[in-house]
Amino acid sequence: MTKKMVGQSAAVYGISVAAELVGLGQQTLRQYENKGLIEPERTAGGTRRYSDLDLVRLRRIAELLACGLNLAGIRMVLGLEAANLKLRRELKDARQLSAKGDE
DNA sequence: CTTCTAACA
DNA sequence: TGTTAGCA
């Protein structure tokens, strides 16, 4: 591992740079957190630190928002999406286990 | 930087 | 309802 850290959320941005990168306002990002759409890390002082994954999440929020969903609906969609991924992982593991036992 | 409040489309 | 502006 040299240049591409396979790890996901290493980098951390302040709210102002995160807002600019995603093209949203700072107050809007705080609102998203208030509505439970996203939960960025916090420094000891209480400042938000947005990871690269958070930026992707923010763009997904903007996309769903453009589709006509409200913040409450987006929260549910993100939750269902996370649950879906979890189920996929469990299914994948279960498949590998049964394959081994079958051989 | 944080939170809160108020106003607008 | 979501976004923005101003204050503490």
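Chain letters run A, B, ... following the sequence lines, proteins first, then strands; residues in each count from 1. In this text, all values refer to a predicted model and were calculated from it rather than measured experimentally.
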>> Are there over 12 heavy-atom neighbours, none belonging to A:Arg60, within less than 6.0 Å of that residue's CZ?
In response: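 Open.
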> With a cut-off of 6.0 Å (strictly less than), are more than 12 heavy atoms of other residues, nucleotides or ligands near CZ of A:Arg49?
Replying inline: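 Yes, the 6.0 Å shell around CZ holds more than 12 heavy atoms from other groups.
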>> Mind checking if A:Leu71 touches a base, just sugar-phosphate, or nothing, with heavy atoms under 4.0 Å?
In response: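 Contact class for A:Leu71: sugar-phosphate only.
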> Touch check for A:Arg49, heavy atoms < 4.0 angstrom, all strands: base, sugar-phosphate only, or nothing?
Replying inline: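 Answer is nothing: A:Arg49 stays at 4.0 Å or more from every strand.
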> If you check the A:Ile15 side chain, which of C:dT1, C:dT3, B:dC1 turns out closest?
Replying inline: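 Nearest to the side-chain atoms of A:Ile15, counting from C-beta on, is B:dC1.
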Does [N] have OP1 or OP2 under 4.0 Å away from a side-chain N or O of [X]?
{"X": "A:Ser16", "N": "B:dC1", "result": "yes"}
{"X": "A:Tyr32", "N": "C:dG2", "result": "no"}
{"X": "A:Thr28", "N": "C:dT4", "result": "yes"}

Nearest whole Å is fine: how far is [N] [atom2] from [X] [atom1]?
{"X": "A:Leu29", "N": "B:dC1", "atom1": "CG", "atom2": "P", "answer": "11 Å"}
{"X": "A:Gln26", "N": "B:dT2", "atom1": "CD", "atom2": "P", "answer": "8 Å"}
{"X": "A:Arg75", "N": "C:dT1", "atom1": "CZ", "atom2": "C1'", "answer": "16 Å"}
{"X": "A:Leu65", "N": "C:dT3", "atom1": "CG", "atom2": "C1'", "answer": "10 Å"}
{"X": "A:Gln31", "N": "C:dT1", "atom1": "CD", "atom2": "P", "answer": "12 Å"}
{"X": "A:Lys35", "N": "C:dT1", "atom1": "NZ", "atom2": "C1'", "answer": "8 Å"}
{"X": "A:Arg30", "N": "C:dG2", "atom1": "CZ", "atom2": "C1'", "answer": "16 Å"}

> A:Arg88 side chain to A:Ala83 main-chain N or O, any donor-acceptor pair under 3.5 Å?
Replying inline: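 No; zero donor-acceptor contacts below 3.5 Å.
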> Is there a donor-acceptor pair closer than 3.5 Å between any side-chain N or O of A:Asp54 and the backbone N or O of A:Ser51?
Replying inline: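 Yes.
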>> Restricting to non-hydrogen atoms, name the atom on A:Gln26 and the atom on A:Ala19 that form the minimum distance, rounded to 0.1 Å.
In response: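 Shortest heavy-atom contact: N-CB, 3.9 Å.
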>> Show the nearest heavy-atom pair for residues A:Leu55 and A:Tyr50, with the distance to one decimal.
In response: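 Heavy-atom minimum between the residues: CD2-CB, 4.5 Å.
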>> Let's test your reading of the model: under 3.5 Å, does the base of C:dG6 pair with the side chain of A:Gln27 as donor and acceptor?
In response: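 It does, because a donor-acceptor pair links the side chain of A:Gln27 to the base of C:dG6 below 3.5 Å.
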> DNA chain B in dot-bracket, Watson-Crick or G-U pairs under 3.5 Å, [ ] crossing, | other strand?
Replying inline: .|.||||||
>> If I take atom CD1 from residue A:Ile74 and atom CZ from residue A:Arg57, how far apart are they, to the nearest 0.5 angstrom?
In response: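 The CD1 atom of A:Ile74 sits 11.0 Å away from the CZ atom of A:Arg57.
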>> Reading DNA chain B from 5' onward, which residue's closest nucleotide shows up sooner: A:Asn34 or A:Thr47?
In response: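 In this pair, the answer is A:Thr47.
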